[in-house]
Structures are given as C-alpha cells and as structure tokens.
Amino acid sequence: MADPVARDRVEWLREQINYHNYRYHVLDSPEISDAQFDALMQELRTLEAQHPELVTPESPTQRVGAAPVEAFGVIDHPVPLLSLGNVFNREELLAWHRRVTGLLDGRAFDMVCELKMDGLAVALVYEGGRLATGATRGDGYHGEEITQNLRTIKSIPLVIQGAAPRRFEVRGEVFLTKAGFEQLNQERARQGLPLYANPRNSGAGSVRQLDPRITAARPLDIFVYALGWAEDGAGMPATHWETLGFLKDLGFRVNPLSVRLGSIEEVASFCEEWVERRHTLPYEADGVVVKVDNLGYQQQLGVVGREPRWAVAYKFPAIQGTTRLLDIGINVGRTGSLNPYAILKPVQVSGVTIRHAALHNEEDILRKDIRIGDVVIVQRAGEVIPEVVGPVVSRRTGQEREFRLPEGCPVCETPILRPAGEAMARCPNRACPAQGLELLKHFVSRGAMDIEGMGQALCAALLERGLVKDVADIYYLTAEQLEALVMGQNKRTGNDIAVGQKRAGNAISAIEQSKARPLASILFALGIRHVGGETAELLAQRFGSLAALAAASEADLMQVEGIGPKVAASIAAYFSDEENLRIVEKLRQAGVALEAAPTAPRATPLQGLEFVFTGRLERFTRTGAESLVKELGANASSNVTRKTSYVVAGEEPGSKADRARQLGAKVLSEEEFLHLLEEAGVKG
DNA sequence: CCGCCTCGAGTTCT
DNA sequence: CTCGAGGCGG
C-alpha cells in the first residue's frame, strides 16, 4: 500500500511542477528560478523512485514540457527532443559517470562538453539542401512551426553547403546575446514597453512573435549541437564530436568552446572552470552538457523515461532567486536624499546570502509595481550588486501593501521635499543627524581626506557624544578623548587596553596627516552638492585656493569647462552660507592646507588617450593605474565609449572588455599595458 | 530640443 | 554596478 504522506506530497509536487512548467514553456514567464524548479523536479523523481506505485503516465516526470500554444501551426517531431538529467556538483557528476561506466561493462569512453545555452531549443528540417521547416521544442513530441521567424536569423543557413543527406533534422539553441538583450530593452524602454527580465525570456519572446518582421529586427543567434535524424546519408559520423564537425562543414554555427575529453576529472574541471568564467561569455549559459561521444555507446545506453542516460547537464548555481520582500526601509544620504531599500527574507543567490537590495526611489518601486509582502525575483546585477527584478504577481495574496514615502524624514521628522521633475525626495534639514553622520563618513573616506581608523562606528560615537558637531571638529580632538571613546567600544568587543591606545594613536596621526591632502581632496570632502572628485579637481586647478574659490561669482565658476549653471549655483550657495564659512575657517585655523601645492609640469607622452581599466590588476590598484595615466597626460574613465583608446583588462574582466571589442577599442593585457608605459618612458 | 557622454551619489557583501 | 541628472554639441 502507498504511504499516504508520500502520496500527498507527490500530488502537491505535480501540481506545482505542472503550473511552473506552463509558466515557463507556454507563457515564457517563469515565476520561480530554474534552480527552484529543478529542486521540485528532483524531489518528485526521488519520491517516485521510492514509491513506484505512485508513478502515472500523467506525471511531469513522464513528459518533457507543456503543450504548445494555439497560434502557430503544430509540427511533429518524429524523433522526440529529450530533456536532460541534472547534476549540481562534482559528486553527482562522478556518480553519473560511474553509472554509465557500469552500463558499458567498464569500458572507457570519451565525452564531449558543451556550454548549455540559456535560450530556446529548436529543430530545423532540411530537404534537398534547403531549410524546409523550423519548430520549437514544445513538449518534445509536438512543437510550434516557426519557420518564417527562424528564417530571419542570419546564422541559420537557408541553403546547405556541400553534400548533405536528402532529408535531415538539426537541433540547436536560439538565443540572444547579452549585448543584444540590453539593446532590445533600451529600445523597449524608449517606447514605454515593459522590459524583459533576462535574455532567455526575450529570446523566447522574439522567436515566437507572430509577425516575423519583429523577429527579424532582433539580434538572435543560434548554436547547433545535434543531428536529430537523417535519411539517405552515406558516410555519416560515428561520434558526437565528428557530428559537430560535420554540422560545421554544412554551414551551421557550432559553439567553438566545445571540447572532447577523455576522463571525468577533466570534464569536472571544465565544468568548474566555467562556473567561474561564465560571466565572461557574451551570452548566457546555465550549465555544461556532458555527452558520451561514441554514438554506438549512446544507442546502447538508451533513454530512461524522457532522459537519455548518455548525457547529463551540469547546472551552474542560480544567478536569480525568489524570496519575500519583508519590508522597505529608508536610508538618508549625505545630501538628505531618501533612499528606499528592500529588506528581504535571506536568500542564497550565486553562493551569497542576500538580505538587502537598493530600490533607488519611489518612482522605480511604483514602475516595477513592487509591494511590501510580495514574493520578488532577486538577482545580482553584473553578478555582484543585489537587485530586485520585480514582483511575482501571481503569488499575491491581497495582503501586500503599496509603498509610500512618509511625509516626514524617518530620522528627524522634518517634512520632506519632493521637487517637481526630480526622482529623489529629500530631507531639507541640514542639521538632520543622519546627514551629519553621512557627511562625516564622506569627509574621512578614501578619495576625500582618507583618514584611516575612522570607521562608521567611531564617526557615530563622536557625533553621539557631541565631541564632533561638524567635520572641522575632528582636528580639535585630543588623544585622551579618542582613547576614552575607543576603550568604551573595546569593553564590548573584549579587546585589551594596549590595543585601544594603539587604535586611538593611529587615528590621531591619521587625522594629523590628512591636513596635508591636496586641495582637490578637501573640496571633494566638503560634500558640496554636484561636486565630486572630477569637478573638485577642475576647481582646484582653476582657482588654486579655497579662498579664491569662495570669492568666485557664479559667472566666474561657469567659465570653467564642465561647469554649468546648476553646479555653479550649488557652489556659490555653499560659500554664501554662514555656517559653512565658519567650518572652513575652523579648518584653516586647525592647519589644514587650503592651497593647491605647486604642481610640477606634467609629462604628457600619453596626451589625448582615453583609458578604461577593468578586472583585477596584478601590479596596480585600479585607482593607482588611473592616476598614473592621468599624470602622463591621458584620461581615465570607467565607461567604455567610442572615444576610448585602450581598455586594460586584468584578471576576470567584466562586460567592459566585450563592449570594447564591439566599439573597436584596443584591449590590452596588463603585460601590454606595462609595455606601453615603458615606451612612454616610465620606469617599471 | 534631442542624444551622447560624464559625473555624482548611493549601494551589497566578504 | 546602476540610475539620475548636468553639460554640451548638433
């Protein structure tokens, strides 16, 4: 008799899986991540294996996908397009290999590894050397006829090169490159259309347009990876690897990164290497497909359920996840801007626990229709910064609350300001404790006065005790005051007295050293609105001293290249405020240098060049490299544009290197960059 | 007035 | 890294 607990669970799992299958395959609008779906499937398979009496022909494990939608013609796949079993780590991969080795009576075999494209699987039938039909995978047995759309994809040959079987079917994955995806979304944003969440969704959406002209306008691509069947073919390949070569010879696009390997250890290393490097790919891949190379062996191994035993998908850890939005908090920035952020039920995304994510501003929240209590899709933008993609609308219970900014500042309760046409709401109270703290943290930060040993905790404690009321006060602190404060903190952390004294001493000497920072650093540190590092540099060069800058009129300021009316007004406003002038005077009396140090005439061997640095460099920090090329007369920015001359790519470069290639900028390795410096007369 | 390009400001996690 | 917004040229 069946275990009733298992029966209930199996039924529940099937309902879930059927529903999500439908979302994914029919609507192209998944609401859980692939990893979560895989987990449901895995649990069902395990339960069915333990309770074979519960298996029915209708179970999702017994079929490949959902029924196709009605709008397109239906095409039968005489040889069904199978799905793949998944493994998630090295152990499971080794277990698969052991199983296959056993089934082959211990014989050794080669394997082919291919990146698993995150796109849409298609089958293309050629007759007499011409593309006859193209179809989606559908449920594996019946797909949608989308020939007209596939014909628009330029990497699909309409006519075959050279000798080919009279009739045959090739299989491949249609996808959108990351660059193509961004381009498409920018276009849609301009037209006010809803944005696609990721390249897979938009690729699927593009291929299944009823109007082929829309498909044609999208930068779709294809990698072909298998021969489904063939009639009247003489001298056909005997291995999968040869099949790939054969397909390439016929004019199909085959992923050049595929490899044939002899041992499972090499296969595992290949998979693990791509887990690390996948973000360097110009397209999205969600795993590596491992196939037994010998087609005779494939036949012998056969198919179980709907999964071949001769292939397996090594899945990458998910980049997206879903979780609940518990609440929306608000931070107050140094300029008084109110910045909402998401408080999330902790969730693992690509190996990191995410608890918070920026939500930018109220308009952004409304545009994405994010509500408190929603289940939301979370991803790490550029694989790093957590980001809320959007809500899963169908999981709403009606208990969700729309987010509204409060009327008053969450810290000081001053009524907030919402200037018309501006996205950011602000707290106008310059005495707001939140602003004071952010301003002080900014003042001591790297790139500003760069005072090491003054972290968030110390800044907060100084303000709290009233030892510091404005940024200039830190230059009047005594060693005793700091020691007492640091000791107070140490009691909690259990450090001993000597450490406390040392820390206080370090802070005092760091404060002392900061008095000699260049004028630009001080201008930046003051936190004048619209004056960041670059503008501070311009101002320092032009005016040469803080006094000269303070005396400048708005008209004088606008003479400086890159400074327009807004920035000029902001600077003038800063120096017409009594309180600010008092702070500047206190800094001067404390002995902070407010003049530009006389600058040596600069060498300019790299005059006119634009550099962008990306990735991790061995011999420089990124800012170090930037200031070095600036000293040599070049410019350094963080965005690759048409004006960029060189992109210097270190270890693990991001998307910038790709963009550089697109725009035709030269990409240099660190070696080549060092070489360039030598030629420019810099000693290594 | 629009479409670049740059800069500023705020951000997460280890 | 992302988004907003200022500056500026066409």
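Each chain gets a letter, A, B and so on, in the order its sequence line appears, and its residues count up from 1. All values below come from the heavy atoms of this structure, side chains included, with hydrogens, waters and symmetry mates left out.
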Say whether, by atom type as modelled, one donor and one acceptor occur between the side chain of [X] and the main chain of [Y] under 3.5 angstrom.
X	Y	result
A:His356	A:Pro386	no
A:Glu362	A:Leu405	yes
A:Arg517	A:Ile522	no

d([atom1], [X]; [atom2], [N]) in whole Å:
X	N	atom1	atom2	answer
A:Glu438	B:dA9	CD	P	13 Å
A:Ile343	B:dT11	CD1	C1'	15 Å
A:Glu534	B:dC5	CD	P	17 Å
A:Gln456	B:dC13	CD	C1'	15 Å
A:Leu538	B:dT6	CG	P	14 Å
A:Phe611	B:dT6	CZ	C1'	19 Å
A:Tyr341	C:dC1	OH	C1'	20 Å
A:Lys441	B:dG10	NZ	P	10 Å

Does [N] have its OP1 or OP2 closer than 4.0 Å to a side-chain nitrogen or oxygen of [X]?
X	N	answer
A:Arg334	B:dA9	yes
A:Asn361	C:dC3	no
A:Thr535	B:dG8	yes

Using nucleotides 6-10 of chain C, report all nitrogen or oxygen pairs with the protein that are shorter than 3.5 Å.
{"unit_1": "C:dG7", "atom_1": "OP1", "unit_2": "A:Gly564", "atom_2": "N", "d": "2.6"}
{"unit_1": "C:dG7", "atom_1": "OP1", "unit_2": "A:Gly564", "atom_2": "O", "d": "3.1"}
{"unit_1": "C:dG7", "atom_1": "OP1", "unit_2": "A:Val567", "atom_2": "N", "d": "3.3"}
{"unit_1": "C:dC8", "atom_1": "OP1", "unit_2": "A:Gly562", "atom_2": "N", "d": "2.7"}

Under 3.5 Å donor-acceptor pairs involving side-chain atoms of residues 323-331 of chain A, not counting sequence neighbours:
{"unit_1": "A:Thr323", "atom_1": "OG1", "unit_2": "A:Lys345", "atom_2": "O", "d": "2.7"}
{"unit_1": "A:Arg324", "atom_1": "NH1", "unit_2": "A:Gly373", "atom_2": "O", "d": "2.7"}

Note to self: Can you tell me which nucleotide in B:dT11, C:dG4, B:dG8 comes closest to the side chain of A:Asn339?
What the structure shows: B:dT11
Checklist line | Shortest side-chain distance from A:Thr335, nucleotide among B:dA9, B:dT11, B:dC13 | finding: B:dA9
Next item on the list: Report the residue from A:Thr414, A:Thr335, A:Asn580 that forms a side-chain contact (heavy atoms from CB on, under 4.5 Å) with A:Arg430.
Entry: A:Asn580
Checklist line | Closest-nucleotide 5' rank along DNA chain B - winner of A:His356 and A:Val531 | finding: A:Val531
Next item on the list: Using heavy atoms to find the nearest nucleotide of DNA chain B for A:Ser337 and A:Arg355 separately, return the residue whose nucleotide is more 5′.
Entry: A:Ser337
Notebook entry, point to check: Would the number of heavy atoms belonging to other residues, nucleotides or ligands and lying under 6.0 Å from CD of A:Glu464 be above 12?
Noted result: no
Check: Hey, does A:Asp470 have a side-chain heavy atom less than 4.5 Å from the side chain of A:Arg582?
Finding: yes
